[in-house]
Amino acid sequence: MLSRLPLEVFRVFEAAARHGNFSAAARELGVTQAAVSRRIRGLEDQLGAALFERRGRHVALTPAGRQLHERTRAALDYLEEALAPFVPGAAPRTVSIVASGSVSHLWLGPHLRAFARDHPSVSVRLTTSDAMEDLADDAHDLTILYSAGTHPRWRLAPLIAEELVPVASPAFMAEAGVQPPLAADAIRNLPLIDYDRVNAHWIPPAAWFEAEAAPLPPDKPRVIFTSYLPAVEAAVRGDGITLGSLGLISGHIAAGRLVALSENVMRTGKGYYLGLPQHRAVSEEALALHRLLLQTGSDH
């Protein structure tokens, strides 16, 4: 049977399985979507087994498809390694990850630097976006999603639990003449740095005060930023207080740039989750980054 199946068929099958999408596989291979479909149908006919289930624009591997993909990926990896000495200047393997601006700048950056030190031959492509359609695009190898823990296109693992408390810089506290821990009634009188909710499920500063039975007055003066990251940066500069997500700002807390103003931490049950695509396998390099991020996330 193998003599009747050219190597190209397995390259097409592996690309379709990895992308979970025949059109994406066609773009990678420089052929038409119809050509990919014909190759897959021919392979299924030769093997006498269905390899994919069609799910709208996407496809998912059947049990037989998953078994074949594991062996095909291993065989192609072995062949690439064998050919590597004969390909001078070959491009490094690339892992793609997508995350929001606040996660990318406040938490992810140092961990990507650590990964680069340990994997100097691997490139990481970071896409930063606050748009849910970008964050949920499973063409990426990894995503970091704000979630309650489930998503139809991603297998999610908990990364950073959401723990919220008002924070401020030491310089601001010195200027305001306050010293933590403070009661909620005292905190709500301080200048507030707010932010727009890009995600409808994000928790605003007002929610913490409501939970502490000290609701903010509706006409409370505040500076409002269009996203969370500049609000945190303003708090670091000493411009006022903001609601700190302790896992995200752990670097600022550890360095003493921000300090929690209360001992009462709000735990929402949500958080940031690290995702692998539901409908395709990823490279060993992507799995290595996945393991590193999960480990560093669990340390906080």
Side-chain angles (χ1 to χ4, degrees), residues 99-111 130 144-148 158-273 296-300:
S100 68
S102 56
V103 172
S104 298
H105 292 279
L106 292 172
W107 187 84
L108 185 57
H111 304 309
D130 289 327
I144 299 178
L145 292 174
Y146 179 78
S147 171
L159 189 64
I160 305 170
E162 186 170 54
E163 298 178 321
L164 304 173
V165 67
V167 296
S169 71
F172 171 82
M173 291 188 297
E175 182 179 340
V178 297
Q179 189 67 30
L182 298 173
D185 280 334
I187 299 173
R188 71 175 176 174
N189 292 324
L190 299 172
L192 175 62
I193 302 167
D194 206 341
Y195 45 88
D196 289 335
R197 257 63 69 203
V198 177
N199 184 314
H201 299 289
W202 281 4
I203 307 299
W208 184 89
F209 289 96
E210 289 171 6
E212 294 298 309
L216 293 173
D219 57 349
K220 165 75 176 178
R222 65 195 73 196
V223 175
I224 303 173
F225 288 92
T226 57
S227 63
Y228 186 62
L229 177 61
V232 171
E233 292 174 339
V236 171
R237 289 196 304 268
D239 296 342
I241 69 164
T242 196
L243 190 63
S245 182
L246 293 179
L248 284 188
I249 64 172
S250 58
H252 288 314
I253 296 287
R257 291 185 290 267
L258 289 173
V259 177
L261 296 177
S262 171
E263 295 175 341
N264 297 335
V265 175
M266 183 180 185
R267 294 173 174 85
T268 67
K270 298 184 175 68
Y272 294 91
Y273 286 76
T296 53
S298 67
D299 289 342
H300 289 93

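Hydrogens, waters and symmetry mates play no part in the numbers below; they use all other heavy atoms, side chains included. None of the values given here were measured: they were computed from a predicted structure.
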Exercise for review: For Pro110, enumerate each residue passing the side-chain contact (heavy atoms from CB on, under 4.5 Å) test, keeping only those at least two apart in sequence or located in another chain.
Suggested key: Arg113
Review point. Which residues pass the side chain to side chain donor-acceptor pair (under 3.5 Å) test with Tyr146, sequence neighbours left out?
Key: Glu162
Point to revise | Of all pairs that satisfy salt bridge (Lys or Arg N to Asp or Glu O under 4.0 Å), the ones with a partner from residues 249-273, not counting sequence neighbours | key: Glu163-Arg267
Review point. Yes or no on side-chain contact (heavy atoms from CB on, under 4.5 Å) for Leu246 and Val165, after CA distance, side-chain angles and deciding distance?
Key: CA-CA 7 Å; Leu246 293 179; Val165 67; 3.7 Å; yes
Point to revise | Minimal non-hydrogen separation, Ala176 against Leu190, with atom names | key: CB-CD2, 4.3 Å
**Study point:** Minimal non-hydrogen separation, Pro166 against Trp208, with atom names
**Key:** CD-CE2, 3.4 Å
Point to revise | Atom pair CG (Leu261) and CG (Leu243), whose distance is rounded to the nearest 0.5 Å | key: 10.5 Å
Check your understanding: For Ser102, which residues count as a side chain to side chain donor-acceptor pair (under 3.5 Å) partner, sequence neighbours excluded?
Key -> Ser100
Practice item. Please name all residues satisfying side chain to side chain donor-acceptor pair (under 3.5 Å) with Ser104, sequence neighbours left out, ordered by chain then number. Key: Thr128
**Study point:** Euclidean distance, Tyr228 OH relative to Arg197 CZ, rounded to 0.5 Å
**Key:** 11.5 Å
Practice item. Among residues two or more places apart or on two chains, list those pairs meeting ring-ring contact (aromatic ring centres under 6.0 Å, His included) that have a residue in residues 235-259. Key: none
Practice item. Quick one: list whatever passes salt bridge (Lys or Arg N to Asp or Glu O under 4.0 Å) with Asp239, sequence neighbours left out. Key: Arg237
Exercise for review: Kindly write out the residues that satisfy side-chain contact (heavy atoms from CB on, under 4.5 Å) with Thr242, not counting sequence neighbours, or none if the list is empty.
Suggested key: Val167, Ile193, Tyr195, Ala231, Ala235
Review point. What pairs with Ala183 under side-chain contact (heavy atoms from CB on, under 4.5 Å), at least two apart in sequence or on another chain?
Key: none
Practice item. List the steps, then state whether side-chain contact (heavy atoms from CB on, under 4.5 Å) holds for Thr296 with Trp107. Key: CA-CA 10 Å; Thr296 53; Trp107 187 84; 3.9 Å; yes
Check your understanding: Going through the checks in order, is the side-chain contact (heavy atoms from CB on, under 4.5 Å) test met by Ile144 and Leu159?
Key -> CA-CA 8 Å; Ile144 299 178; Leu159 189 64; 3.9 Å; yes
Practice item. In sequence, state the C-alpha distance, the side-chain angles, and the governing distance for Val259 and Ser169, and then conclude on side-chain contact (heavy atoms from CB on, under 4.5 Å). Key: CA-CA 6 Å; Val259 177; Ser169 71; over 6 Å; no
Check your understanding: Which pairs with one or both residues in residues 204-223 pass salt bridge (Lys or Arg N to Asp or Glu O under 4.0 Å), sequence neighbours excluded?
Key -> Asp194-Arg222
Point to revise | CG-CG distance between Asn189 and Leu182, expressed to the nearest 0.5 angstrom | key: 10.5 Å
Point to revise | Nearest atoms (heavy-atom pairs only) where Ile253 meets Ala260 | key: CD1-N, 4.4 Å
Point to revise | Asp196: side chain to side chain donor-acceptor pair (under 3.5 Å) partners, not counting sequence neighbours | key: none
Revision key, fill the gap. All heavy atoms of Asp185 vs all of Ala214, minimum pair found to be OD1-CB, 3.4 Å
Check your understanding: Sub-3.5 Å donor-acceptor pair from the side chain of Ser245 to the main-chain atoms of Gly247, do we have one?
Key -> no
Point to revise | By side-chain contact (heavy atoms from CB on, under 4.5 Å) - contacts of Pro230 (at least two apart) | key: Phe225, Ser227, Glu233
